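These notes are about the structure you will find just below.
Since the structure is predicted, the reported quantities are computational estimates derived from the model, not experimental observations.
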Amino acid sequence: GFSMRLTRFIPVAFAAIAVVGTAQNAGPQTYFVEQRGVTEFSGRMIVRPHQVNDLALRGMNWGEIEARRAEARSLVSGITLNYVPETDEYIVKVPLGMNENSLAIHLMSSGDFQYVEPDWTVYPLAIPNDAQYSSQWHHTRINSPTAWNHFTGDGSVIVAITDTGVRLTHQDLASQLVPGANSATGTAIPQASGGQVNDIHGHGTHVAGTAAARGNNTVGVSGVSWNAKIMPIRVTNSSGGSSSIAALTAGARWAADNGARVVSTSYSGVSSTSVQTTGNYIKFTRNGVYCWAAGNDNVARTVDHADVTIVGASTTTDTKASFSAFGVAIDVFAPGVNIHATYNTNDTAYGLMSGTSMACPCAAGLAGLITGTNPLLTAQEVETILYQT
């Protein structure tokens, strides 16, 4: 059988560690703290009104529910930049004279909103090393060859990579690609309509190769799911790779709406409540698995998401990578140190990178491989197999 042979790492004292870049002191006194280069304010917020079912459980009748939700809409009507019907979220701008914290306090104090949080500017989570040829140690560690003896995929499963793009002409990726989209603005523009998906940073090409580089083709490397299709979803138009939560989740939803059974996101910002909202949409509306990197800040993650697979990074000896986040929010650890995969410098380039950015597509590739063995599996069943076997 296939075994990840990975360990959960549970911290013994959460209270001593502040969760930087997320909400602290839940409720009207919520405040948010930036972490430069990880989660930064963008001048935008993501807000979600209380949902109909939640209000009904409080004993409200239909008229009261409608009035409460109408009040929520009116509070953001003058500052709304975009409405996301799939998740009932509003992307709003922070008005002059206010900041992210004062706006959050103002809106949450109304009692009309489930959450109000920054549309964080977030960053790729790789720790690059000098490019050099190296064996792919992680396949032996997670018993990939044993799995491949059973099933190598048949090309029916699509793994979406929401990242900086993919080198479309790389020898180990070109044959794997299906049309993707560019969601950098928060609205997905399909590749067929001019959305640019070529890699403008390099991070996305390595991530894509870790998940699903072509295997058994006599050249280069093998992805974990080396017969899966790769859907490139470019979430940034910045050469530095920065994106936003709204851009990442918009790309993830577009991918799931267009056939991806697995979505992999190797960016900071996993603690955002909006990530869980989109995870719920992908799992239960599109029967997909949503994977997100745990983070490279070596802190305890306590914000668990029931519908998102949060992936920490492990080493050659199945111990926690020194940089990897840990804690009850992490669902699985996967190899993330000195991972050898496709590189963006040319069509035959390969190199080493480390980070939870590499661990996430390793787990996503495995989720794709599991899905391919029986496409009738539900996303929940795929997650259960991924976590327990």
Side-chain angles (χ1 to χ4, degrees), residues 3-26 32-39 117 120 122-129 137-138 141-142 203 207 210-211 224 245 248 264-276 279 289-339 353-367 383-389:
S3 173
M4 291 290 283
R5 299 182 64 234
L6 302 171
T7 307
R8 291 175 182 262
F9 297 91
I10 307 300
V12 295
F14 294 143
I17 301 174
V19 183
V20 179
T22 60
Q24 301 178 34
N25 299 337
F32 299 96
V33 181
E34 290 183 285
Q35 186 176 0
R36 293 295 179 185
V38 180
T39 46
E117 61 185 23
W120 295 106
V122 291
Y123 293 87
L125 283 174
I127 301 174
N129 291 330
W137 65 267
H138 58 287
R141 176 56 63 190
I142 67 172
H203 184 265
V207 169
T210 301
V224 176
I245 297 297
L248 285 158
S264 179
T265 300
S266 291
Y267 269 73
S268 54
V270 67
S271 295
S272 169
T273 311
S274 184
V275 171
Q276 159 58 23
V289 176
Y290 195 18
C291 299
W292 199 298
N296 293 345
D297 45 6
N298 189 31
V299 301
R301 290 273 178 268
T302 59
V303 180
D304 196 7
H305 295 324
D307 303 316
V308 181
T309 295
I310 303 178
V311 187
S314 62
T315 69
T316 58
T317 57
D318 278 349
T319 56
K320 186 186 85 69
S322 61
F323 53 79
S324 179
F326 55 94
V328 294
I330 315 305
D331 296 300
V332 67
F333 278 74
V337 177
N338 289 339
I339 302 302
M353 296 183 81
S354 298
T356 53
S357 273
M358 286 62 252
C360 183
C362 187
L366 176 53
E383 282 188 0
T384 299
I385 295 168
L386 178 67
Y387 297 173
Q388 296 184 2
T389 71

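Heavy-atom minimum distance, Cys362 versus Pro335: SG-CD, 3.9 Å. For the pair Phe323 and Ala313, the tightest heavy-atom approach, listed with the atom from each and the gap, is CE1-CB, 3.7 Å. Considering all non-hydrogen atoms of both residues, Asp297 and Ala325 come closest at OD1-CB, 3.9 Å. In terms of heavy-atom proximity, Ser266 sits nearest to Ser357 at OG-O, 2.8 Å. In this structure, Pro361 and Val207 approach most closely via the heavy-atom pair CB-O, 3.4 Å. Closest approach of Lys320 to Phe326, counting heavy atoms only: CD-CB, 3.8 Å.
The structure places CD1 of Ile245 at 7.0 Å from OG of Ser268, a figure rounded to the nearest 0.5 Å. Asp331 CG to Thr309 OG1: the interatomic distance, rounded to the nearest 0.5 Å, is 5.5 Å. For the atom pair CZ of Arg141 and OG1 of Thr316, the computed distance is 6.5 Å after rounding to the nearest 0.5 Å. Separation of atoms NE2 (His203) and OH (Tyr267) is listed at 7.0 Å; rounding is to 0.5 Å. The CD atom of Glu117 sits 3.5 Å away from the OG atom of Ser272 when rounded to the nearest 0.5 Å. Here Tyr290 contributes atom OH and Ile310 contributes atom CD1; the two are 11.0 Å apart, rounded to the nearest 0.5 Å.
Remark: the backbone N or O of Gly295 is paired with a side-chain donor or acceptor of Thr356 at under 3.5 angstrom. Side chain of Thr319 to main chain of Thr315: no donor-acceptor pair is present (N/O by atom type, distance under 3.5 Å, no hydrogens or angles). In this structure, Ser314 contributes its side chain and Ala334 its backbone to a donor-acceptor pair below 3.5 Å.
In this structure, the salt bridge (Lys or Arg N to Asp or Glu O under 4.0 Å) partners of Glu383, at least two apart in sequence or on a different chain, are Lys283. Not counting sequence neighbours, the partners of Thr384 by the side-chain contact (heavy atoms from CB on, under 4.5 Å) test are Gln380, Gln388. Taking the side-chain hydrogen bond (donor to acceptor under 3.5 Å, both in side chains) definition, one finds that Ser324 meets it with nothing, sequence neighbours left out.
Checked against Gln276 for a side-chain contact (heavy atoms from CB on, under 4.5 Å), the options Val270, Val308, Val303 give a single hit: Val308.
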